[in-house]
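Structure, as structure tokens:
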Amino acid sequence: MKILKQKIKGVFLIKPKLFRDKRGIFRRHFCKSTFKLNKLSHSVLQSNLSENFSKGTLRGFHYQETPYGEDKTMSCISGAIYDIVCDVRPKSKTYGKWIGFEINDKNRYSIHIQKGCANAFLTLKNNTVVHYYCSQNYKPKKEKCIRFNDPFFDFKWPIKPKIISVKDKNHKNFQL
């Protein structure tokens with residue numbers, strides 16, 4: 001795997017090394033020693049699959065308050081997503097900044113997101129499946145959220161979100 005630092009501290013784009021032959025493709029999806037070598041969180045307490053039926057489905061922005069923050073490593077197993085990671089760590093140099101990535105079943109990239117960053121994704125194809133590892137168990141009472149169109153961040157989505165949960169539509173504006 002090639003682990004590439006991004007402009008937000010603690011966010012990495014992971015490019016897998018592919019092994020191809022007549023049977024198909026093999027790739028390492030998670031490697032504790034490679035993560036540790038690159039100083040990425042490597043404990044996994046929960047693994048999630050998000051199955052999305054329609055293009056334009058938006059999920060997030062979600063994160064958990066300290067000390068329940070979670071590191072996540074996200075991959076798109078089938079289909080395609082545009083994923084935005086937003087820095088909500090008040091003491092960070094990139095506080096309030098965001099970056100976006102397209103990850104899909106063709107480029108096979110993953111994104112590692114450090115706790116203290118919120119993330120959301122928008123499906124770019126029908127029948128998109130996203131898999132992610134989390135370093136913390138989900139704690140509903142510790143969840144924090146940001147609205148997908150919050151004016152403070154001015155997020156730029158590549159297509160208009162069409163399917164959004166009532167919860168994700170109705171978050172209050174972000175407060176500094």
Side-chain angles (χ1 to χ4, degrees), residues 1 4 6 8 10-16 18 24-30 40-41 44-65 68-88 98-151 153-174:
M1 329 177 145
L4 307 169
Q6 300 300 301
I8 294 178
V11 178
F12 299 86
L13 184 64
I14 302 168
K15 294 184 177 184
L18 304 178
I25 298 172
F26 173 87
R27 64 180 160 152
R28 182 174 295 153
H29 192 248
F30 175 80
L40 278 68
S41 171
V44 176
L45 296 184
Q46 187 171 308
S47 176
N48 302 314
L49 276 175
S50 174
E51 300 179 49
N52 305 276
F53 304 124
S54 301
K55 175 180 177 177
T57 300
L58 186 125
R59 294 190 184 255
F61 286 88
H62 303 150
Y63 62 106
Q64 292 186 168
E65 62 188 40
Y68 304 101
E70 56 190 344
D71 298 309
K72 294 179 187 174
T73 302
M74 302 189 62
S75 304
C76 184
I77 304 304
S78 65
I81 64 170
Y82 186 74
D83 190 282
I84 292 180
V85 180
C86 173
D87 191 345
V88 291
W98 62 270
I99 52 177
F101 305 88
E102 181 173 339
I103 61 173
N104 56 53
D105 57 8
K106 302 290 185 253
N107 65 27
R108 297 177 172 86
Y109 296 166
S110 297
I111 303 167
H112 181 80
I113 305 157
Q114 194 173 62
K115 59 186 157 203
C117 291
N119 118 284
F121 65 84
L122 179 66
T123 60
L124 303 176
K125 291 184 175 181
N126 291 336
N127 300 311
T128 293
V129 178
V130 178
H131 176 258
Y132 51 106
Y133 299 109
C134 300
S135 67
Q136 182 65 255
N137 290 312
Y138 175 62
K139 299 192 178 2
K141 293 182 180 178
K142 301 300 179 184
E143 183 181 49
K144 310 262 300 183
C145 302
I146 298 168
R147 199 175 59 251
F148 75 100
N149 60 354
D150 190 291
F153 295 101
D154 193 27
F155 301 118
K156 304 289 185 220
W157 297 101
I159 62 172
K160 185 177 179 172
K162 296 177 185 169
I163 301 170
I164 308 164
S165 71
V166 171
K167 174 182 154 185
D168 285 343
K169 275 184 188 177
N170 292 311
H171 299 306
K172 294 179 181 172
N173 284 347
F174 184 77

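Worth knowing before you read on, the calculation uses all heavy atoms, side chains too, and leaves out hydrogens, waters and symmetry mates. Numbering starts at 1 and runs along the sequence shown.
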ask   = Would you say Cys134 and Asn48 make side-chain contact, with heavy atoms under 4.5 Å?
value = yes
request  = Determine whether the side chains of Ser50 and Asn52 contain a donor N or O and an acceptor N or O closer than 3.5 Å.
outcome  = yes
query = Is it true that atom NZ of Lys139 has more than 12 heavy atoms of other residues, nucleotides or ligands lying nearer than 6.0 Å?
reply = yes
inquiry  = For Ile14 versus Pro16, what's the shortest heavy-atom pair and its separation?
reply    = O-CD, 3.7 Å
query = Between Gln6 (side chain) and Leu4 (backbone), is there a donor-acceptor pair under 3.5 Å?
reply = yes
ask   = How about Lys167: does its NZ atom have over 12 heavy atoms from other parts shown lying under 6.0 Å from it?
value = yes
query = Any side-chain heavy atom of Ile159 within less than 4.5 Å of one from Tyr82?
reply = no
Lys142 vs Tyr63 side-chain heavy atoms within contact, under 4.5 Å = no
query = What pairs of residues pass the ring pair (Phe, Tyr, Trp, His ring centres under 6.0 Å) test when at least one of them lies in residues 103-129, not counting sequence neighbours?
reply = Phe35-His112
ask   = Do Phe26 and Leu18 have side-chain heavy atoms sitting under 4.5 Å apart?
value = no
Test side-chain contact (heavy atoms from CB on, under 4.5 Å) applied to Phe30 and Tyr133, step by step = CA-CA 9 Å; Phe30 175 80; Tyr133 299 109; 3.9 Å; yes
inquiry  = I want to check something: taking the side chain as every heavy atom from C-beta on, are Val88 and Cys86 in contact at a cut-off of under 4.5 Å?
reply    = yes
key: Thr123 and Thr128 side chains, donor-acceptor separation under 3.5 Å   = no
task = Locate the shortest heavy-atom distance separating Pro158 from Leu122; write the atom from each residue and the value.
result = CD-CD2, 4.4 Å
inquiry  = How close do Ala118 and Ile146 get, counting heavy atoms only, and between which atoms?
reply    = CB-CD1, 4.0 Å
inquiry  = With a 6.0 Å cut-off on the ring centroids, do Phe174 and Phe153 count as close?
reply    = yes
request  = State, with a plain yes or no, whether a side-chain heavy atom of Asn119 is found less than 4.5 Å away from one of Ile84.
outcome  = no
request  = Indicate yes or no for a side-chain donor-acceptor contact from Asn107 to the backbone of Glu102 under 3.5 Å, with no hydrogens or angles considered.
outcome  = yes
query = Is any side-chain heavy atom of His171 closer than 4.5 Å to a side-chain heavy atom of Asp150?
reply = no
inquiry  = Within the supplied structure, the quantity of interest is the number of heavy atoms (other residues, nucleotides, ligands) at a distance under 6.0 Å from Arg27 CZ; does it exceed 12?
reply    = yes
ask   = Any donor-acceptor pair under 3.5 Å linking the side chain of Gln46 with the backbone of Tyr138?
value = yes
query = For Ile111 and Ile103, what are the C-alpha separation, side-chain angles and deciding distance, and is it a side-chain contact (heavy atoms from CB on, under 4.5 Å)?
reply = CA-CA 8 Å; Ile111 303 167; Ile103 61 173; 4.0 Å; yes
remark   = With Asp168 as partner, the option from Arg147, Arg59, His62 fulfilling side chain to side chain donor-acceptor pair (under 3.5 Å) is His62
remark   = Of Phe148, Phe155, Trp98, the one forming a ring-ring contact (aromatic ring centres under 6.0 Å, His included) with Phe61 is Phe155
